[in-house]
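We count residues from 1, following the sequence as given.
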Amino acid sequence: MKFMISINSLIRGRMHQVTAYLVTLYYLEIIFLMFSLLFLYGKLAAIGAGMLLTILLAYHIIQIYFRKNLHRKIQLFIIDIHASFAVGYLFYNTARGLESDPAALFIFITRTVILIFELMLLFVLTRDEVVAGFSRSG
């Protein structure tokens, strides 16, 4: 039991680092979006959106790592938007039957993993001791 308590306190003290590493999974979503935009709007839209979102996500990850409270709140907003999208996507694909295409299966598994981590982050990033660890300045 003492081991679990020590692991919990270690993770709680480094939640900004854990969050920053988990948020890097959104790069996969950017890649999925770029493929969709490529077929719908062409190369320019796909590359432009991918570059813009990649730069914004990199900045966001850095700010979370440096414990900026504004970016903790932005992350909670991103979780709210992405989790609702992912639940709808997963429900739709499960209801109509999973495809045997490897790419579709990879997207399904990736979004499931991201959703699980998002729900854990949603719970953890709203705890009082974690909120206190983020600076009020940014």
Side-chain angles (χ1 to χ4, degrees):
M1 188 65 174
K2 289 182 180 183
F3 178 72
M4 293 302 288
I5 292 172
S6 66
I7 295 284
N8 187 22
S9 64
L10 178 69
I11 290 175
R12 208 175 327 132
R14 298 177 187 262
M15 201 57 220
H16 63 287
Q17 293 172 340
V18 173
T19 303
Y21 283 112
L22 290 178
V23 169
T24 59
L25 291 173
Y26 287 130
Y27 284 119
L28 294 171
E29 286 290 348
I30 292 173
I31 293 170
F32 300 155
L33 177 69
M34 286 178 68
F35 277 119
S36 299
L37 290 176
L38 176 67
F39 293 118
L40 292 173
Y41 299 108
K43 291 179 191 176
L44 184 64
I47 292 172
M51 286 176 51
L52 178 66
L53 290 173
T54 299
I55 291 168
L56 290 173
L57 184 60
Y59 178 74
H60 177 65
I61 290 169
I62 291 167
Q63 295 302 313
I64 283 181
Y65 185 82
F66 288 118
R67 299 179 182 192
K68 301 297 182 180
N69 194 45
L70 173 65
H71 286 271
R72 180 190 65 84
K73 292 176 185 176
I74 290 171
Q75 182 58 40
L76 290 172
F77 178 74
I78 291 171
I79 289 172
D80 187 33
I81 299 298
H82 185 266
S84 60
F85 165 74
V87 166
Y89 176 85
L90 296 174
F91 179 77
Y92 174 75
N93 279 310
T94 304
R96 73 178 175 120
L98 293 175
E99 295 181 23
S100 60
D101 179 29
L105 189 60
F106 176 72
I107 293 171
F108 184 85
I109 292 170
T110 303
R111 286 195 174 142
T112 303
V113 169
I114 292 173
L115 180 64
I116 290 168
F117 286 138
E118 279 180 332
L119 294 177
M120 289 188 310
L121 280 178
L122 183 66
F123 174 72
V124 172
L125 288 176
T126 55
R127 297 182 66 179
D128 291 335
E129 59 269 6
V130 174
V131 172
F134 280 81
S135 68
R136 299 288 177 204
S137 63

For this session: Give, for atom CD1 of Ile64 and atom OH of Tyr21, the distance between the pair rounded to the nearest 0.5 Å.
Result: 13.0 Å
Exercise. Any donor-acceptor pair under 3.5 Å linking the side chain of Asn93 with the backbone of Tyr89?
Worked result: yes
Seminar exercise, completed: dist Ile61:CD1 -> Leu56:CG (nearest 0.5 Å) comes out at 11.0 Å
Exercise. Around atom CG of Asp101, are there more than 12 heavy atoms of other residues, nucleotides or ligands at under 6.0 Å?
Worked result: yes
For this session: Could you state whether Ile55 and Phe66 fall into the same hydrophobic cluster, counting links through intermediate Ile, Leu, Val, Met, Phe, Trp or Tyr residues with side-chain heavy atoms under 4.5 angstrom apart?
Result: no
Problem set entry | NZ or CZ of Arg67 within 45° of Phe134 ring axis and under 6.0 Å | no
For this session: Would you name the heavy atoms of Ile114 and Leu25 that are closest together and state the gap between them?
Result: CD1-O, 3.6 Å
Exercise. Are any of the side-chain heavy atoms of Leu53 and Tyr26 separated by less than 4.5 Å?
Worked result: no
Exercise. Roughly how far, to the nearest 0.5 Å, is the CZ atom of Phe77 from the CZ atom of Arg72?
Worked result: 15.0 Å
Exercise. Should Phe39 and Ile31 be counted in the same cluster of Ile, Leu, Val, Met, Phe, Trp and Tyr side chains packed under 4.5 Å apart?
Worked result: no
Exercise. Near Met120 CE, under 6.0 Å, is it more than 12 heavy atoms from other residues, nucleotides or ligands?
Worked result: yes
Exercise. Mind checking who shares a hydrophobic cluster with Phe91, ILVMFWY linked at side-chain heavy-atom distances under 4.5 Å?
Worked result: none
Seminar exercise, completed: Value for NE2 (His16) from NZ (Lys68), rounded to nearest 0.5 Å, stands at 12.0 Å
Exercise. Does a sphere of radius 6.0 Å around OH in Tyr65 hold more than 12 heavy atoms from other residues, nucleotides or ligands, not counting ones at 6.0 Å or beyond?
Worked result: no
Seminar exercise, completed: For Tyr59, the side-chain hydrogen bond (donor to acceptor under 3.5 Å, both in side chains) test, sequence neighbours excluded, returns none
Problem set entry | Connected via hydrophobic side-chain network under 4.5 Å: Met34 and Met51 | no
Exercise. Same hydrophobic cluster for Tyr92 and Leu98, using side-chain heavy-atom links shorter than 4.5 Å among ILVMFWY?
Worked result: no
Exercise. Between Leu125 and Val131, which heavy-atom pair has the shortest distance, and what is it?
Worked result: O-CG2, 3.5 Å
Seminar exercise, completed: Output for pair (Ile116 CD1, Leu22 CG), nearest 0.5 Å, gives 12.0 Å
Problem set entry | Closest contact, heavy atoms only, Thr126 versus Leu122 | OG1-O, 3.0 Å
Exercise. Can you tell me how far CD of Glu29 sits from NE2 of His82, rounded to the nearest 0.5 angstrom?
Worked result: 3.0 Å
For this session: Check for a donor-acceptor pair, side chain of Thr24 on one end and backbone N or O of Ala20 on the other, with a separation under 3.5 Å.
Result: no
Exercise. Side-chain heavy atoms under 4.5 angstrom apart, residues restricted to Ile, Leu, Val, Met, Phe, Trp, Tyr: same cluster for Ile107 and Val113?
Worked result: yes
Problem set entry | For Val23 against Gln75, the heavy-atom pair lying closest together | CG2-OE1, 3.4 Å
Problem set entry | Closest non-hydrogen atom pair, Ala45 against Leu37 | O-CD1, 4.0 Å
Exercise. Got Phe106 and Phe32 here, is their nearest side-chain heavy-atom distance under 4.5 Å?
Worked result: yes
Seminar exercise, completed: On a heavy-atom basis, the closest approach of Leu115 and Val87 is CD2-CG2, 3.7 Å
Exercise. CD1 of Ile81: more than 12 outside heavy atoms within 6.0 angstrom?
Worked result: yes
For this session: List in chain and number order the residues that pass side-chain contact (heavy atoms from CB on, under 4.5 Å) with Ile74, two or more places apart in sequence or in another chain; answer none if no residue qualifies.
Result: His60, Leu70, His71, Ile78
